Amino acid sequence: MQQLHFALLASLLLLLLLPGIRSTPTDQKANIVHYQPEQVHLAFGERTDSEIVVTWSTRSLPPDQEVGAFSVVEYGQPVDGQVRLTQQARGTATKFVDGGHKQATQFIHRVTLRDLKPNATYSYHCGSDFGWSAIFQFRTVPSAAVDWSPSLAIYGDMGNENAQSLARLQQETQRGMYDAIIHVGDFAYDMNTKNARVGDEFMRQIETVAAYLPYMVVPGNHEEKFNFSNYRARFSMPGGTENMFYSFDLGPVHFVGISTEVYYFLNYGLKPLVFQFYWLREDLAKANLPENRSKRPWIILYGHRPMYCSNENDNDCTHSETLTRVGWPFVHMFGLEPLLYEFGVDVAIWAHEHSYERLWPIYDYEVRNGTLKDSPYEDPGAPVHIVTGSAGCKEGREPFKGKIPEWSAFHSQDYGYTRLKAHNRTHIHFEQVSDDKDGAIIDDFWLVKSKHGSYRK
């Protein structure tokens with residue numbers, strides 16, 4: 001017993017006399033740096049045929065470094081099957097502070113790789129002498145010309161939790177099945193949640209897709225917090241609009257991404273809505289110039305909230321006067337459906353509803369199928385709308401009405417995503433992949449057009 005008392009007394013004296021070995025108080029912060037790149041992802045640059053933008057995050061920046069020294073991409077084409085990172089490009093790092101109470105800070109790095117060769121495989125890593133990412137690779141588009149057949153995977157509403165489609169998309173990306181991904185709004189659920197930790201983890205999750213393919217995005221309602229600050233900061237779309245709206249060309253297709261949210265979050269002002277509307281009119285008018293439409297006849301527009309849906313809920317698309325479709329209530333200003341009709345948009349792709357739905361060609365609730373009775377998608381008289389918001393999130397699936405409207409051609413609650421392949425200037429093919437059914441194709445159709453342009457008579 002005396003020996004035990006002596007040992008306890010000795011331990012107490014040791015703690016009193018040697019404060020340096022005491023445990024660090026809980027309120028004393030450790031000096032931790034985080035220079036290691038993470039959340040690596042790609043996007044098309046301003047020139048789809050020759051530019052790729054590499055974006056990544058770090059928690060810290062080394063002190064006293066020259067501009068660009070910490071935002072570096074080393075890249076190159078393989079030689080005899082061996083990785084050769086013989087080229088280097090530098091960019092910028094932007095400080096991002098989340099709007100949550102912890103004011104979590106990170107640095108978003110962007111580097112544009114220019115003058116890339118067509119139909120070439122490049123390996124790359126990003127970072128600096130303070131830390132490099134793993135080595136990834138991407139393949140450039142086959143040609144600056146239009147006569148090739150791009151393949152894309154398209155979906156919306158994928159969360160950090162219950163991301164049902166992600167594993168299959170990761171596998172298919174590694175197999176080289178796609179030229180790009182389009183994520184039609186609603187990420188992570190939500191990017192700002194838990195002081196943006198959920199956004200960070202989501203960006204890490206998609207790295208095995210987005211670090212290998214251009215990952216093109218538009219905002220959804222779940223990005224709204226702090227005026228879409230996480231969404232604006234984390235991605236790098238072309239166009240100089242902080243990722244809110246833009247367009248790009250891929251093969252025979254002119255893609256147009258828009259923000260439907262400018263119609264719903266008017267607390268941020270009317271200017272974004274008006275600016276986007278007139279930009280979209282100008283972009284579609286330019287795409288319809290004879291020299292452009294003959295070259296790239298397909299126009300595909302995508303945004304988060306649908307104009308039409310047959311889901312059993314109170315979302316805007318279940319109402320006849322959808323804001324994105326007809327514009328402001330009563331005065332009907334800045335509605336998008338007349339633009340789609342006037343400028344001959346071939347396909348409009350949406351998400352928001354956690355389900356899949358394909359519509360017959362439609363304008364103002366009137367079905368305008370093709371002239372051939374058995375070929376409704378051959379030379380139709382209006383755009384084709386697709387809703388593909390079933391990639392998987394914590395909010396689960398979306399139910400449908402008991403009585404489906406006549407303008408709805410197919411619908412499913414299965415988790416999954418959409419594949420698009422533009423075969424040529426006259427034929428484009430869509431498939432819906434079901435994750436519930438182990439990757440089975442539950443819907444597919446061909447859109448065939450012998451002529452493109454305005455649907456006005």
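Predicted model, so just to flag it, every value in this text is computed and none were measured.
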Item to complete: Carefully, step by step, assess Asn313 and Glu353 under the rule side chain to side chain donor-acceptor pair (under 3.5 Å).
Response: CA-CA 9 Å; Asn313 55 41; Glu353 304 300 321; 2.8 Å; yes
Fill in: Asp179 and Arg139: CA distance, side-chain angles, deciding distance, salt bridge (charged side-chain N to carboxylate O under 4.0 Å, His left out) verdict
CA-CA 8 Å; Asp179 298 295; Arg139 188 162 189 83; over 6 Å; no
Practice prompt. Go through the steps for Arg358 and Asp443 under the test salt bridge (charged side-chain N to carboxylate O under 4.0 Å, His left out), then give the verdict.
Written response: CA-CA 9 Å; Arg358 166 173 55 88; Asp443 184 43; 2.8 Å; yes
Discussion item. Under the criterion side chain to side chain donor-acceptor pair (under 3.5 Å), I'd like the reasoning laid out for Asn311 against Ser355: C-alpha separation, chi angles, the key distance, then a yes or no.
Written reply: CA-CA 9 Å; Asn311 296 91; Ser355 53; 3.0 Å; yes
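Taking 4.0 Å as the cut-off between side-chain N and carboxylate O, Glu378 and Lys449 do not count as a salt-bridged pair. Residues Lys421 and Glu431 are not paired through a salt bridge, judged by the lack of any N-O separation under 4.0 Å between the basic side chain and the carboxylate. With respect to the salt-bridge test (charged N to carboxylate O, under 4.0 angstrom), the residues Lys401 and Glu312 do not qualify. A salt bridge links Asp147 with Arg425: at least one charged nitrogen is closer than 4.0 Å to a carboxylate oxygen. Under a 4.0 Å N-O distance rule, the pair Asp190/Lys225 does not qualify as a salt bridge. Residues Glu201 and Arg204 are paired through a salt bridge, judged by an N-O separation under 4.0 Å between the basic side chain and the carboxylate. Salt bridge status for Asp436 with Arg397: present, with a side-chain N to carboxylate O gap under 4.0 Å. With respect to the salt-bridge test (charged N to carboxylate O, under 4.0 angstrom), the residues Arg293 and Asp346 qualify. A salt bridge is absent between Asp249 and Lys295: the closest approach of a Lys/Arg side-chain nitrogen to an acidic carboxylate oxygen does not fall below 4.0 angstrom.
Judged purely by distance below 3.5 Å, without hydrogens or angles, the side chains of Arg234 and Gln39 pair a donor atom with an acceptor atom. Using modelled atom types and a 3.5 Å distance limit, the side chains of Asp98 and Asn192 yield no donor-acceptor pair. With no hydrogens or angles considered, no side-chain donor-acceptor pair links Tyr341 and Asp364 at under 3.5 Å. Defined by atom type and a distance below 3.5 Å, a donor-acceptor pair is present between the side-chain atoms of Ser310 and Glu357. A donor atom on one side chain and an acceptor atom on the other are found under 3.5 Å apart for Gln170 and Thr208.
Atom-to-atom distance recorded for Asn243:CG and Thr241:OG1 is 6.5 Å, nearest 0.5 angstrom. With rounding to the nearest 0.5 angstrom, the OH atom of Tyr268 is 15.0 Å from the CG atom of Leu273. Separating the CG atom in Leu42 from the CD1 atom in Ile52 is a distance of 6.0 Å, to the nearest 0.5 Å. Residue Met158 holds its CE atom at 5.0 Å from OG of Ser165, rounded to the nearest 0.5 Å. Taken from CG in Asn288 to NZ in Lys286, the straight-line distance is 13.0 Å, to the nearest 0.5 Å. Within the model, atoms CG of Asn221 and CG of Asp157 stand 7.5 Å from one another, a figure rounded to the nearest 0.5 Å.
The two residues Tyr124 and Ala211 have their closest heavy-atom pair at OH-O, 2.6 Å. Summarising the geometry of Val384 relative to Pro361, their closest heavy-atom pair is CG2-CG, 4.0 Å, with the distance given to 0.1 Å. Between Glu207 and Val40, the closest heavy-atom pair is OE2-N, 2.9 Å. Val53 and Phe44 make their closest contact through CG2-O, 4.3 Å (heavy atoms, listed as atom of the first residue, atom of the second, distance). Closest approach of Phe96 to Ser229, counting heavy atoms only: CE1-O, 3.6 Å. Nearest approach of Gly335 to Leu339, heavy atoms of both residues: O-CG, 4.4 Å.
A search for salt bridge (Lys or Arg N to Asp or Glu O under 4.0 Å) contacts involving Asp438 returns Arg168, not counting sequence neighbours. Asp283 pairs by the side chain to side chain donor-acceptor pair (under 3.5 Å) definition with Ser247, His254, not counting sequence neighbours. Every side chain to side chain contact (heavy atoms under 4.5 Å, CB included) that Arg47 has, sequence neighbours left out, goes to Asp49, Ser50, Glu51. Judged as a side chain to side chain donor-acceptor pair (under 3.5 Å), and not counting sequence neighbours, the contacts of Glu242 are Arg232. Here Tyr215 pairs with Tyr155, His183 under the side chain to side chain donor-acceptor pair (under 3.5 Å) rule; sequence neighbours left out. Residues meeting the ring-ring contact (aromatic ring centres under 6.0 Å, His included) test with His41, sequence neighbours left out: Phe235.
For Tyr417 and Tyr356, the ring centers are positioned 6.0 Å apart or more. Tyr212 has its ring centre no less than 6.0 Å from the ring centre of Phe138. For an aromatic pair to be called close, the ring centres must be under 6.0 Å apart, and Tyr263 with Phe334 fails this. Trp360 and Tyr377 have their aromatic ring centers within a separation under 6.0 angstrom. The distance between the ring centers of Trp350 and Tyr302 does not fall below 6.0 angstrom. Between Tyr455 and Tyr363, the ring centre distance reaches or exceeds 6.0 Å.
Annotation: cation-pi geometry not satisfied between Arg419 and Phe430 (NZ/CZ under 6.0 angstrom from ring centroid, within 45° of ring axis).
Without hydrogens or angle criteria, Gln432 side chain to Ile441 main chain gives no donor-acceptor distance under 3.5 Å. Listed for the Thr48 side chain is no donor-acceptor partner under 3.5 Å among the backbone atoms of Leu250. Remark: the backbone N or O of Leu169 is paired with a side-chain donor or acceptor of Thr173 at under 3.5 angstrom. Looking only at distances, no side-chain donor or acceptor of His109 sits under 3.5 Å from a matching main-chain atom of Thr55. Side chain of Tyr231 to backbone of Glu223: no donor-acceptor contact under 3.5 angstrom is found. Judged by distance alone, with hydrogens and angles left aside, the side-chain atoms of Asp316 form no donor-acceptor pair with the main-chain N or O of Thr322 at under 3.5 Å.
With a 4.5 Å cut-off on side-chain heavy atoms, Tyr308 and Glu337 count as touching. In this structure, the side chains of Asp314 and His319 come closer than 4.5 Å at one or more pairs of heavy atoms.
A 6.0 Å sphere centred on CD of Glu406 holds no more than 12 heavy atoms belonging to other residues, nucleotides or ligands.
Note on ring orientation: taking the six-membered ring where Trp is involved, the planes of Trp446 and His427 are perpendicular (angle over 60°, cut-offs 30° and 60°). Between Phe245 and Trp279, the two ring planes are tilted [angle within 30° to 60°].
Considering Arg59, Gln205, Lys194 as possible partners of Asp200, the one that fulfils the side-chain hydrogen bond (donor to acceptor under 3.5 Å, both in side chains) test is Arg59.
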